[in-house]
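This report refers to the structure that appears directly beneath it.
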Amino acid sequence: MTEQNIKVVSWNINSIRIRLEQLKKIVTELNPDIICLQETKCENDKFPLASVQELGYKYVAHRGQASYNGVAIISRVQFKEIIEKDFCGKSDCRYIGTEFNLGTKKKSVKLHNFYVPAGGDEPDINKNPKFKHKLDFLDEMYQHMKAQIADDQYHVIVGDMNIAPHVNDVWSHRQLMNVVSHTEVERSKLLEIISKHNFCDVLRYYAEEDEKVYSWWSYRNRDWKKSNRGRRLDHIWITQNLLEHYNDHYIYQTARDFERPSDHVPISITLQVSNIT
DNA sequence: ATGGTTGTTTAACAA
């Protein structure tokens with residue numbers, strides 16, 4: 001971290017244990033102060049804490065379960081509190097938050113890291129309980145963030161939301177409108193969380209309206225770059241009071257070409273925190 | 001219209 005800026009990366013790592021070398025590369029290339037990870041697929045006692053700390057991230061908050069899900073926030077900057085919450089009555093480790101004190105006045109900035117359920121294949125709550133879980137999760141996410149922002153502090157919300165809300169967040173709106181991640185009901189629920197809480201959807205806000213923005217490319221395409229059938233499933237949202245502190249953002253598309261890559265690429269935001277008062 | 005791949009864990013399951 002410079003004294004001026006703080007860089008936060010969000011990445012669905014799809015197993016932290018097999019991609020530690022890639023995490024190291026991302027640290028070298030992007031030099032983030034804080035990294036939010038999803039799909040760590042790693043139980044708490046198997047979390048590679050020492051390796052992460054050797055990369056320079058002394059402060060670690062993580063919640064994981066075997067085989068599936070799991071989230072982590074690793075940081076060079078000390079946080080003063082960890083926020084843990086279960087959603088939908090399940091202990092499936094899809095959320096973790098941390099509270100920092102930043103800027104000259106040591107103002108509270110809360111960072112929220114989400115891994116929204118993918119929702120299965122069939123976009124019908126009567127046939128597919130995983131899709132119902134996804135919609136229920138979004139409702140609870142709405143309420144959780146409503147309670148969180150009641151303190152009128154600074155909030156950064158990141159994660160794999162598993163929803164591409166805008167028409168140009170997918171390679172073909174027409175072909176994906178009945179595909180889970182881009183159905184009307186999911187898109188409107190996600191957009192409602194953003195708009196009703198007055199968040200800024202950073203990656204879309206700083207793009208042209210007709211510009212395609214992707215963070216994920218399926219493993220099931222032979223050549224992801226050639227077919228370029230991407231979706232913007234990963235998000236960074238900030239409260240309006242942080243918009244004036246926005247410095248930069250980045251989608252690290254190069255990571256999709258790593259050897260044995262995750263299907264998601266890291267996204268980042270840089271905030272100028274020195275003048276937070 | 002269908003199938004395509006990956007990770008965890010070892011036959012499915014989830015993404």
Side-chain angles (χ1 to χ4, degrees), chain A residues 10-26 36-48 51 62-72 86-88 90-95 113-125 127-138 141 158-165 169-172 174-183 185-187 190 214-235 253-267:
Chain A
S10 174
W11 185 33
N12 180 320
I13 193 169
N14 188 13
S15 169
I16 189 169
R17 282 172 291 178
I18 67 156
R19 265 181 264 281
L20 275 170
E21 280 305 308
Q22 293 181 40
L23 185 64
K24 188 175 183 178
K25 197 165 177 183
I26 284 158
C36 298
L37 298 168
Q38 305 89 34
E39 270 203 277
T40 48
K41 293 186 172 178
C42 181
E43 277 175 299
N44 284 338
D45 57 3
K46 290 180 183 162
F47 190 90
S51 305
H62 63 93
R63 303 177 70 195
Q65 61 169 30
S67 306
Y68 307 118
N69 314 326
V71 285
D86 287 337
F87 286 72
C88 303
K90 296 174 189 284
S91 54
D92 54 355
C93 306
R94 295 180 177 277
Y95 169 83
N113 180 20
F114 282 96
Y115 176 49
V116 175
D121 288 331
E122 182 75 44
D124 181 337
I125 59 168
K127 293 184 196 160
N128 174 11
K130 289 205 277 270
F131 193 65
K132 182 172 190 320
H133 178 212
K134 185 176 196 175
L135 300 188
D136 290 345
F137 189 99
L138 292 167
M141 188 173 167
V158 306
D160 175 6
M161 310 308 187
N162 267 316
I163 297 170
D169 293 338
V170 291
W171 61 275
S172 168
R174 190 177 58 82
Q175 288 181 254
L176 291 174
M177 56 196 297
N178 295 316
V179 172
V180 172
S181 76
H182 195 60
T183 65
V185 60
E186 298 166 79
R187 295 169 60 210
L190 199 76
Y214 307 143
S215 66
W216 174 89
W217 291 262
S218 173
Y219 284 128
R220 299 179 193 181
N221 289 315
R222 208 155 282 163
D223 185 336
W224 72 275
K225 207 182 271 177
K226 192 177 172 190
S227 56
N228 198 24
R229 295 185 166 185
R231 304 178 200 171
R232 184 173 71 101
L233 303 181
D234 302 275
H235 292 243
Q253 199 173 308
T254 303
R256 192 62 181 77
D257 269 333
F258 285 170
E259 198 175 328
R260 298 194 77 191
S262 169
D263 43 356
H264 297 254
V265 299
I267 59 176

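Chain naming here is simple, since letters A, B, ... match the order of the sequence lines and numbering starts at 1 in each.
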- In whole angstrom, give the distance that lies between atom CZ of A:F137 and atom P of B:dA15. 12 Å
- Any donor and acceptor pair, going by atom type alone, linking the side chain of A:K134 with main-chain N or O of A:V180 inside 3.5 Å? no
- Has the side chain of A:E186 got a donor or acceptor atom that lies under 3.5 Å from a matching backbone atom of A:P123? no
- Using whole Å, report how far CD1 of A:I163 lies from P of B:dA15. 13 Å
- Query: Whole-Å distance between B:dA1 C1' and A:Q175 CD?
  - Reply: 12 Å
- Message: I'd like to know if the side chain of A:N69 reaches the main chain of A:D92, judged simply by a donor and an acceptor atom lying under 3.5 Å from each other, with no hydrogens or angles considered.
- Response: yes
- Going by the angle between their ring planes, with limits at 30° and 60°, are A:F114 and A:F87 parallel, tilted or perpendicular? perpendicular
- State whether a side-chain donor-acceptor pair under 3.5 Å links A:Q38 with A:N113. yes
- Message: Taking the P atom in each of B:dG7 and B:dG3, what is the distance between them to the nearest angstrom?
- Response: 22 Å
- Query: Mind checking whether A:W224 and A:W217 have parallel, tilted or perpendicular rings, split at 30° and 60°?
  - Reply: perpendicular
- Message: Say we look at B:dT10 and B:dA14: how far apart would their P atoms be, to the nearest angstrom?
- Response: 14 Å
- Message: Measuring only the C1' atom in each nucleotide, how far is B:dT9 from B:dG4? A whole number of Å is fine.
- Response: 22 Å
- Distance in angstrom units between A:D160 CG and B:dA14 P, rounded: 17 Å
- Nucleic acid footprint by protein, nucleotides 4-11 of chain B - heavy-atom cut-off 4.0 Å, B for base, S for sugar-phosphate alone: BBSSSS--
- Message: Whether A:R231 engages the ring of A:W216 as a cation-pi pair (distance to the six-membered ring centre under 6.0 angstrom, angle to the ring normal within 45°) should be assessed.
- Response: no
- Task: With a 4.0 Å heavy-atom cut-off, tell me which residues in residues 127-136 of chain A come close to DNA chain B, sorted by residue number.
- Result: A:K130
- Test log, rule side-chain contact (heavy atoms from CB on, under 4.5 Å), inputs A:I267 and A:R232: CA-CA 10 Å; A:I267 59 176; A:R232 184 173 71 101; over 6 Å; no
